[in-house]
Chemist: 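My structure is below; once you've seen it, I'll send some questions.
Here is how names work: the chains are called A, B, and so on, in the same order as the sequence lines, proteins then strands, and each is numbered from 1. Small disclaimer: the values here were computed from a predicted structure and weren't measured.
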Amino acid sequence: MKITTWNVNSLTARLQHVLDWTAANPVDVLCLQELKMTDDKFPLDVLRDAGYGHCAVFGQKTYNGVAIMSRAPVRDVVKNITGFADEHSRVIAATVDSPAGELRVVNGYFVNGQAPGTDKFAYKMSWLSGLRAYLEAEMRQHGRLVLLGDFNIAPEDRDSFDPEGLRETIHHTSEEREHFRQIVGLGLCDSFRLFEQPEKSFSWWDYRMLGYPKNRGLRIDHILVSDAVRPHVKSCGIDRVPRKWDKPSDHAPVTVELG
DNA sequence: ATGACGTGTCCGACACGA
């Protein structure tokens with residue numbers, strides 16, 4: 001069973017890429033971020049024809065918006081962070097069946113945070129605290145859990161093209177990395193790091209300054225699995241192919257395989 | 001270089017991203 005996270009930077013602009021990519025990579029569950037559309041605009045019919053007959057959608061006009069697209073039924077859909085009031089559509093959770101048994105999937109578009117010291121950074125910090133409390137409760141209820149999405153955090157120096165030059169800037173601050181560690185500390189692990197990976201593996205590249213051709217990127221899209229799921233993880237990888245297509249998303253899809 | 005590039009909103013300029 002394969003589960004993918006992909007920040008598509010507008011599903012309107014990227015629908016054909018999603019269709020082309022899933023045709024070549026028929027993953028079981030595709031978790032999207034940055035839909036940038038309201039629920040009524042979500043292309044349910046087209047995605048059903050593409051094999052994803054079970055979609056849980058939490059959209060928003062212009063910004064944010066997340067969805068879980070699944071080939072098999074999803075149940076117990078929860079939108080946003082329980083216990084944390086949020087104006088934005090950033091989190092959607094659902095339960096699916098997996099080879100390991102019932103699996104809770106939590107798909108998040110984490111706050112960007114702009115820069116340390118700003119109101120947006122403060123929002124990011126409180127959002128992360130709210131998420132952690134919510135996850136703690138979710139994990140008590142669901143031993144088998146996957147937390148994936150656009151974390152907007154480069155957890156370690158090796159997850160950045162310029163860790164020295166960007167030290168303590170957004171995505172690289174000690175506070176963000178401490179939040180990441182605390183989330184992992186709930187009993188999760190970064191599935192990407194369970195395997196040998198190429199150096200300078202990134203999941204996002206700036207549209208500007210030839211970011212992708214120069215591999216000036218960050219690894220900020222992650223798939224964390226709970227300890228009960230960890231023995232079932234067969235592989236985890238980033239697919240750079242769609243980043244080379246015409247008019248790409250600035251993020252690449254990341255996929256985990258469970259056996 | 002408070003830039004660059006891309007998307008959406010509402011129609012030229014701005015908000016936002018990472």
Side-chain angles (χ1 to χ4, degrees), chain A residues 5-19 21 31-43 57-67 86-91 107-125 127-128 131 148-180 192 200-222 238 240 242-254:
Chain A
T5 175
W6 195 5
N7 179 327
V8 292
N9 185 19
S10 167
L11 185 56
T12 307
R14 226 66 62 197
L15 179 57
Q16 194 56 52
H17 281 199
V18 169
L19 296 172
W21 190 82
C31 296
L32 303 176
Q33 302 91 37
E34 285 209 85
L35 305 177
K36 298 188 175 181
M37 59 169 54
T38 47
D39 289 9
D40 56 301
K41 301 282 201 301
F42 191 87
V57 184
F58 186 29
Q60 184 183 326
K61 186 181 168 78
T62 311
Y63 303 117
N64 311 308
V66 286
D86 198 350
E87 311 265 305
H88 297 171
S89 302
R90 293 186 174 275
V91 180
N107 173 28
Y109 173 46
F110 290 37
V111 177
N112 175 314
Q114 192 179 41
T118 64
D119 288 349
K120 287 175 183 172
F121 191 83
Y123 166 48
K124 184 174 196 171
M125 295 300 106
W127 190 92
L128 285 164
L131 179 73
L148 77 176
D150 175 359
F151 282 55
N152 273 316
I153 300 172
E156 299 177 54
D157 280 357
R158 61 179 166 164
D159 299 313
S160 172
F161 73 97
D162 185 12
E164 296 301 334
L166 295 171
R167 194 162 297 290
E168 296 301 333
T169 65
I170 197 65
H171 307 121
H172 301 70
T173 66
S174 308
E175 295 100 312
E176 291 164 284
R177 287 176 171 180
E178 180 56 25
H179 271 289
F180 187 90
F192 190 75
K200 301 188 188 333
S201 285
F202 305 129
S203 66
W204 170 88
W205 301 261
D206 203 314
Y207 285 124
R208 300 165 292 185
M209 299 185 305
L210 301 173
Y212 184 74
K214 292 181 171 174
N215 198 29
R216 294 165 61 89
L218 306 174
R219 193 177 71 93
I220 54 177
D221 300 271
H222 307 296
I238 301 169
R240 295 161 53 130
R243 188 62 178 79
K244 301 169 193 166
W245 293 345
D246 190 44
K247 294 259 178 191
S249 167
D250 41 0
H251 294 255
V254 184

Chemist: Would you find a donor on one side and an acceptor on the other, under 3.5 Å apart, between the side chain of A:Arg90 and the backbone of A:Tyr109?
Modeler: yes
Chemist: With P as the reference atom in both, quote the distance from B:dA18 to B:dA1 in angstrom, rounded to an integer.
Modeler: 25 Å
Chemist: Mind checking the CZ-OG spacing from A:Arg167 to A:Ser174? Nearest 0.5 Å is all I need.
Modeler: 8.5 Å
Chemist: Using the C1' atom in both, what is the distance from B:dC11 to B:dG17, to the nearest Å?
Modeler: 22 Å
Chemist: Taking side-chain hydrogen bond (donor to acceptor under 3.5 Å, both in side chains) as the definition, give me every residue that meets it alongside A:His17, ordered by chain and number, with sequence neighbours left out.
Modeler: none
Chemist: So, A:Lys36 side chain and A:Ala13 main chain: donor-acceptor pair closer than 3.5 Å or not?
Modeler: no
Chemist: Select from A:Asn152 and A:Ala13 the residue whose nearest nucleotide in DNA chain B is closer to the 5' end of that strand.
Modeler: A:Ala13
Chemist: Residues from residues 243-254 of chain A sitting under 4.0 Å of DNA chain B, heavy atoms only?
Modeler: A:Lys247, A:His251
Chemist: Is there a donor-acceptor pair closer than 3.5 Å between any side-chain N or O of A:Arg243 and the backbone N or O of A:Trp205?
Modeler: yes
Chemist: Taking the P atom of each, how far is B:dA15 from B:dC10, in whole Å?
Modeler: 14 Å
Chemist: With rounding to the closest Å, how many angstrom separate the C1' atoms on B:dG3 and B:dT9?
Modeler: 23 Å
Chemist: What are the bounds, 5' to 3', of the part of DNA chain B that sits under 4.0 Å from heavy atoms of chain A?
Modeler: B:dA4 to B:dA18
Chemist: Check A:Asp250 with A:Arg208, please: is the shortest side-chain N to carboxylate O separation under 4.0 Å?
Modeler: no
Chemist: Nearest heavy-atom pair of A:Ser160 and A:His172: which atoms, and what distance?
Modeler: OG-NE2, 2.8 Å
Chemist: Under 6.0 Å from the NZ atom of A:Lys244, do we count more than 12 heavy atoms belonging to anything else shown?
Modeler: yes
Chemist: Within residues 107-114 of chain A, which residues have any heavy atom lying less than 4.0 Å from an atom of DNA chain B?
Modeler: A:Tyr109, A:Asn112
Chemist: For residues A:Trp6 and A:Trp21, establish whether the separation of their ring centroids is below 6.0 Å.
Modeler: yes
Chemist: Base, sugar-phosphate alone, or nothing: which one does A:Asn7 contact when heavy atoms must sit under 4.0 Å apart?
Modeler: sugar-phosphate
Chemist: For DNA chain B, which residues of residues 208-218 of chain A approach it to below 4.0 angstrom with any heavy atom?
Modeler: A:Arg208, A:Met209, A:Leu218
Chemist: Using the test side chain to side chain contact (heavy atoms under 4.5 Å, CB included), find all partners of A:Glu87 that sit at least two apart in sequence or belong to another chain.
Modeler: none
Chemist: NA contact type, A:Lys124, heavy-atom cut-off 4.0 Å: base, sugar-phosphate, or nothing?
Modeler: nothing
Chemist: What integer number of Å spans the P atoms of B:dC14 and B:dA4?
Modeler: 13 Å
Chemist: Using the salt bridge (charged side-chain N to carboxylate O under 4.0 Å, His left out) rule, take A:Lys214 and A:Asp206 through it: C-alpha gap first, then chi angles, then the decisive distance, then the call.
Modeler: CA-CA 10 Å; A:Lys214 292 181 171 174; A:Asp206 203 314; over 6 Å; no
Chemist: If only atom types and distance count, is the side chain of A:Asn107 paired as donor or acceptor with the main-chain N or O of A:Ala67 below 3.5 Å?
Modeler: yes
Chemist: Would you say the ring centers of A:His88 and A:Tyr123 fall short of 6.0 Å from each other?
Modeler: yes
